Amino acid sequence: MQPLDRAVLALSRALGDSVVRTDAAACEAAAHDESEAEWVMPAAVVGARDADDVATVLRVCHDLGVAVFPRGAGTGRVGGATVTAPGLVLDTTAIKSLDELDTRDGLAVVGPGMVTAAFQSAVEAEGMFYPPDPQSAAWCTLGGNLATNAGGPRALKYGVTRDWVLGLEAVLPGGERVSTGRSTRKGVTGYDLPALLVGSEGTLAVITRATLRLTALPTAVVGVWARFGSVAEAGAAVVALSVGGMRPRCVELLDAVCCATLSAQAAGLGLEGAGALLVMECDGHDARAVEAEAERVAEACAAAGAEGVSLARDPVEREALWAARRVMSRALRARARWKLSEDVVVPVTRVPALLEAVRGISAAEGVVMPTYGHAGDGNLHVNLLWDDPAAYPAVQRAIAALFRATLSLGGTLSGEHGIGVLKAPYLPWEQSEGLIALQRRVKAAFDPRGVLNPGKVLGPGTHSAC
Ligand code: LAC
Ligand code: ZN
C-alpha cells in the first residue's frame, strides 16, 4: 500500500469516517482557493475537531512522508491553500470556539476556524474592537487571516493581523504541540515565534488557538468620500493626505472601472460616473475631534482637486458603501472569464508612479487592469481580466511588468494575500538567493520532511516524497 493510502487508513481508524472524508464532493471543495491556481484532488479531507486531531494528522503525515495541506475557508487569492500534489487536506474550520473574551485586559482566545466577521461581532457586542478587516471577513476564518497576515482598509491606522496577535498555540509536523507568545501586552522573552508563524502561509505549523489583542471600540466614525476626474488625480491626493500628516483609519482608492462596479452594487449613493474615488474614514472616541479630522481630510481632498467631497455620517449609508466594496473582488471576477488579482505595495509617495505604470502596461499589453485598494498604505489590487485564452501570454507579460515596476519603485510583491503558489516563481525577483536559502533552513527546522503545505511560498523542492 502507498504511504498516502496508509495515511488515510490510519487516520480513518484513529478519527472515524465522519472526520476523514474521501468522497469526491468533499475532496473537490477542499482542493482549491479563490485563485486560478491549478489543483489536484486530495485523497481525503480531515475535518479536525480540536488540536488533538491536528496533532494526529501531522504525526501520521510526517511519519509516512505524506503531504498535508491545511486550510480555513479557502478565500485565498494566490493558491496558498490549494492542493498542488497528492496528499491530504487538513480543514481547521470546525475549531472555532471563542474560549475567552476579556474586556478588562483586552484580549480574546479563539480557535482558527472562527469566521472573522463573527469574531468581530462578538467582540463589538462587548464594546471592544478587533480592527483587522479583510474584505472577505464574512467568509474567511481567523486561521486564514493568521496564515497570510491579512490586512484590510483599516490597516492604515491599526496595522495588520500580526499587530493584534499576542500568542499562538500550534502543532508542528510530527505532532508536537507548542505554545508561543504570551497573554501580556508586552513581552520579549525568546524569539518572536508568533510573528514568524503569522504570515507563514501554513508552511511551518498549524495554528490551533490564538490569543488576540483587542482595543476599545471607537464610538465616533465619519466617512469622507471624494470623487476625482481621474485616477491620477486621486493618486496625487493620496500622497497629499499622507505628506500632510492626515491619518484617517483608511484611504481606499477606486479607479473608474472599479467605481462603476461599486456603484452597480450600491446604487443610490450617487457614485455613478466617477473617474476615481477615494473612500476615507476617521474614527475615535471624541465625536468633535473626529468631525474636525474628517473636515480636514475633506479639505485636503478638495485642495488636491476633488470634483466633489461628501461626509458620510450615517452608519447605514457607510455600510451600504462598504457592503459594495467588500464584494469588489468577486464583482470584478464576474466581469470576465478569468481574473488574477495582485496586491503589490509601494511607498505611498510612489502610488502615482505605480498607477501610471499600470496604465502603461495595460495599454501596451491590451489587458484590462482595473485597480483599487488600500492606497493609503501604498497597497493596490491590480486586477487582470481576460476572456480569451490566447490573451494569457500578454497577461503573464503584464504581471511581470507590474512586478518589475513595483520593485523598481522600492515596493514589495505582496501586501496582504501572500505568495502561495502563484507568486512563488517571482520570489527571487525580490529576495536574494541567500535569504531564500535561510528561509528554507527555517522551514526545515519546523518541517524536516517537507510535508506541510509543500511547494508554497518558497517554491518547489521542499517536499520530495510525492
Ligand atoms: C480586497 C481584497 C481582495 O481588498 O484584499 O478587496
Ligand atoms: Zn485588500
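Note that this is a predicted model, so its numbers are computed, not measured. Each ligand, and each atom within it, is numbered from 1 in the order the structure gives. By convention here, the first residue in the shown sequence is residue 1.
- For the residue pair Thr141 and Lys96, no side-chain donor N or O sits within less than 3.5 Å of a side-chain acceptor on the partner.
- Heavy atoms of other residues, nucleotides or ligands lying less than 6.0 angstrom from CZ of Arg249 number more than 12.
- Under 4.0 Å is where a charged nitrogen must lie from a carboxylate oxygen, and between Arg227 and Glu272 no such pair does.
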Name each N or O atom in ligand 1 that is under 3.5 Å from a protein N or O, and give the partner atom and the distance.
unit_1	atom_1	unit_2	atom_2	d
ligand 1	4 (O)	Arg325	NH2	2.9
ligand 1	4 (O)	His374	NE2	3.2
ligand 1	4 (O)	His381	NE2	3.0
ligand 1	5 (O)	His381	NE2	3.0
ligand 1	5 (O)	Glu416	OE2	2.9
ligand 1	5 (O)	His417	NE2	2.8
ligand 1	6 (O)	Arg325	NH1	3.0
ligand 1	6 (O)	Tyr372	OH	3.1

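- Annotation: side chain to side chain contact (heavy atoms under 4.5 Å, CB included) contacts of Val109 (sequence neighbours excluded): Asp99, Glu100, Leu107, Arg209, Thr211.
- Residues Glu201 and Lys456 are not paired through a salt bridge, judged by the lack of any N-O separation under 4.0 Å between the basic side chain and the carboxylate.
- Between Asp283 and Lys157 there is a salt bridge, since a side-chain N of the basic residue sits under 4.0 Å from a carboxylate O of the acidic one.
- Listed by chain and number, His374 NE2, His381 NE2, Glu416 OE2 are the protein N/O/S atoms closer than 2.8 Å to the Zn ion (ligand 2), with waters left out.
- Pairs of residues two or more places apart, or lying in two chains, that qualify as salt bridge (charged side-chain N to carboxylate O under 4.0 Å, His left out) and include a residue from residues 292-317 are Glu291-Arg313.
- Annotation: side chain of Asn453 is in contact with side chain of Pro70 (closest heavy-atom distance under 4.5 Å).
- Partner of Ser329 under the side-chain hydrogen bond (donor to acceptor under 3.5 Å, both in side chains) criterion, out of His381, Glu34, Gln135, Lys339: Lys339 alone.
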